[in-house]
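For the numbers below, each heavy atom of this structure counts, side chains included, while hydrogens, waters and symmetry mates do not. Residue numbers start from 1 in every chain, and the chains themselves are labelled A, B, ... in the order their sequence lines are given, proteins ahead of strands.
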2 protein chains.
Amino acid sequence: MSRTELHDPDIALHSGCDGEIKRPPRERILNSASELFRTHGIGAVGVEIIAELANSNKMTLYRHFGSKEELLCACLRMHAEKTTEIWQSLEDRYPGDAAKQLRAWVEEVTDVVFSDNSACLLANVAVEQKDPNHGIHRIIADAKEAYRVKLTDLCRRAGVAEAEQLADALTLLFEGARIISQSAGPDGPHQKLKQSCLAMINAFSR
Amino acid sequence: MSRTELHDPDIALHSGCDGEIKRPPRERILNSASELFRTHGIGAVGVEIIAELANSNKMTLYRHFGSKEELLCACLRMHAEKTTEIWQSLEDRYPGDAAKQLRAWVEEVTDVVFSDNSACLLANVAVEQKDPNHGIHRIIADAKEAYRVKLTDLCRRAGVAEAEQLADALTLLFEGARIISQSAGPDGPHQKLKQSCLAMINAFSR
DNA sequence: ACATAATGTTACCCACCAGTAACAATCGCG
DNA sequence: CGCGATTGTTACTGGTGGGTAACATTATGT
């Protein structure tokens with residue numbers, strides 16, 4: 001079984017990693033690495049391809065990130081950071097109205113699942129890198145926990161008595177949709193994510 | 001980043017793949033491969049380790065399975081076949097009582113998530129092998145679809161009007177629990193799988 | 001016991017890839 | 001401009017792992 005099976009190598013050409021204004025190489029590399037890791041997995045992506053997609057080269061990559069692993073960690077941290085932006089965004093859109101924010105959250109995650117962004121980098125990395133003592137797992141677990149705290153808080157502010165239970169249930173639905181969208185066909189159970197979330201919220205709102 | 005990181009190589013010694021009665025090598029290899037693929041991923045497991053765990057050797061492996069990929073396919077097919085046994089088991093335990101069978105299903109999947117069997121081989125393989133034209137994806141998608149049909153049927157027989165919706169929601173919860181158990185710590189949201197399923201069933205049973 | 005097939009052992013080839021060394025080109029700022 | 005720092009290019013090493021060839025050993029059935 002060949003190890004490198006980037007089934008569409010065309011993606012390696014300009015994939016939004018080099019905007020009109022040339023961003024610094026480090027940033028470009030980080031972006032292309034994130035993209036490739038998420039869409040093709042870690043093992044299937046070589047550092048050379050990453051550098052190419054970033055319109056850079058292997059040496060520059062290694063000057064900024066000491067190893068493929070460090071690069072991966074940086075990707076995970078960036079990913080985790082980006083993820084937290086949603087809470088501020090929700091608050092901005094519906095200030096003080098947690099119930100509306102919770103509904104907006106459902107819309108957001110539904111959009112994610114239906115986008116080409118449905119695969120979760122953190123979860124996929126956890127699948128490929130099973131060694132639990134690995135530093136990577138700390139990053140992943142911390143990110144997931146932070147998300148959990150935030151979502152629970154949102155549920156509580158929305159007036160849900162069993163906020164932890166609802167938040168965890170919604171998380172399971174979301175994560176389930178993300179993973180099944182990768183294994184089932186395009187019409188798989190993840191199509192029912194939105195209705196499932198709403199049903200669950202309904203069940204916990206009284 | 002090293003490619004082979006079997007964090008506990010001890011597992012490579014007798015892991016239930018050689019019972020008191022010596023089963024044929026093909027079977028032993030299939031079992032050890034399934035186990036290793038599920039627990040360590042595909043890329044991280046070499047064929048040599050698989051053969052060793054099966055108390056066999058690389059040559060015998062290649063005589064039965066022409067390549068690592070064929071071996072993987074065989075594992076997936078076996079896994080899919082095993083999975084279908086649950087429906088007969090449920091019917092045997094509660095003949096004709098679909099409502100009880102559905103509750104028993106919840107117990108079953110909860111046990112799976114809390115066991116060391118929580119990772120789903122099919123889903124994990126889909127994560128690592130992203131090439132959609134790959135024959136592997138057909139096997140995976142078919143297995144997931146078969147499961148979906150069966151679970152939907154069970155929900156319908158249990159008197160649920162929106163059987164497809166409930167079945168898909170339950171699938172999302174189950175799959176979500178399996179994947180998050182690999183990325184979050186041991187006290188992650190997957191602990192709430194059972195309550196989430198029951199709440200969902202309840203919401204659809206009126 | 002004998003022949004045949006199945007299994008085990010060793011050694012090897014080859015491709016791929018993470019990571020490095022040395023040198024060339026280019027950028028940015030005074 | 002000029003000079004240091006950043007980036008680019010090429011070529012290489014070392015290790016790993018999929019897959020194979022040749023031969024040795026052990027089962028199986030008649």
Between P on C/dC27 and CZ on A/R23, what's the gap in Å once rounded to a whole number? 19 Å
Between P on C/dT7 and CD on B/E27, what's the gap in Å once rounded to a whole number? 12 Å
Excluding sequence neighbours, so at least two apart, what forms side-chain hydrogen bond (donor to acceptor under 3.5 Å, both in side chains) with A/D168? A/R148, B/K192
In whole angstrom, what separates B/L61's CG from C/dT10's P? 17 Å
If you restrict it to nitrogen or oxygen atoms, what contacts under 3.5 Å exist between nucleotides 6-9 of chain D and the protein, and what is each distance?
from  : atom 1 : to    : atom 2 : distance (Å)
D/dT7 : OP2    : A/H64 : NE2    : 3.0
D/dG8 : OP2    : A/S56 : OG     : 2.8
D/dG8 : OP2    : A/N57 : ND2    : 3.2
D/dG8 : OP2    : A/T60 : OG1    : 3.1
D/dG8 : O5'    : A/N57 : ND2    : 3.1
D/dG8 : N7     : A/R63 : NH1    : 3.4
D/dG8 : O6     : A/R63 : NH2    : 2.6

Without decimals, in angstroms, what is the distance between A/L71 CG and C/dG19 P? 10 Å
Which of the following nucleotides, D/dG19, C/dG19, C/dA18, is nearest to the side chain of B/S67? D/dG19
Would you say the side chains of A/R23 and A/N31 form a donor-acceptor pair under 3.5 Å? no
Value in whole Å for how far the P atom of C/dT10 lies from OH of B/Y62: 18 Å
Spacing of A/L36 atom CG relative to C/dA18 atom P, expressed in whole Å: 12 Å
Could you tell me which residues satisfy side-chain hydrogen bond (donor to acceptor under 3.5 Å, both in side chains) with B/T171, sequence neighbours excluded, listed by chain and number? none
Whole-Å distance between C/dT20 C1' and A/E48 CD? 13 Å
Among residues at least two apart in sequence or on other chains, which ones pass side-chain hydrogen bond (donor to acceptor under 3.5 Å, both in side chains) with B/E48? none
ring-ring contact (aromatic ring centres under 6.0 Å, His included) partners for B/F204, two or more places apart: none
Can you list everything that forms a side-chain hydrogen bond (donor to acceptor under 3.5 Å, both in side chains) with B/E70? Sequence neighbours excluded, please. none
Value in whole Å for how far the C1' atom of C/dC16 lies from NZ of B/K68: 13 Å
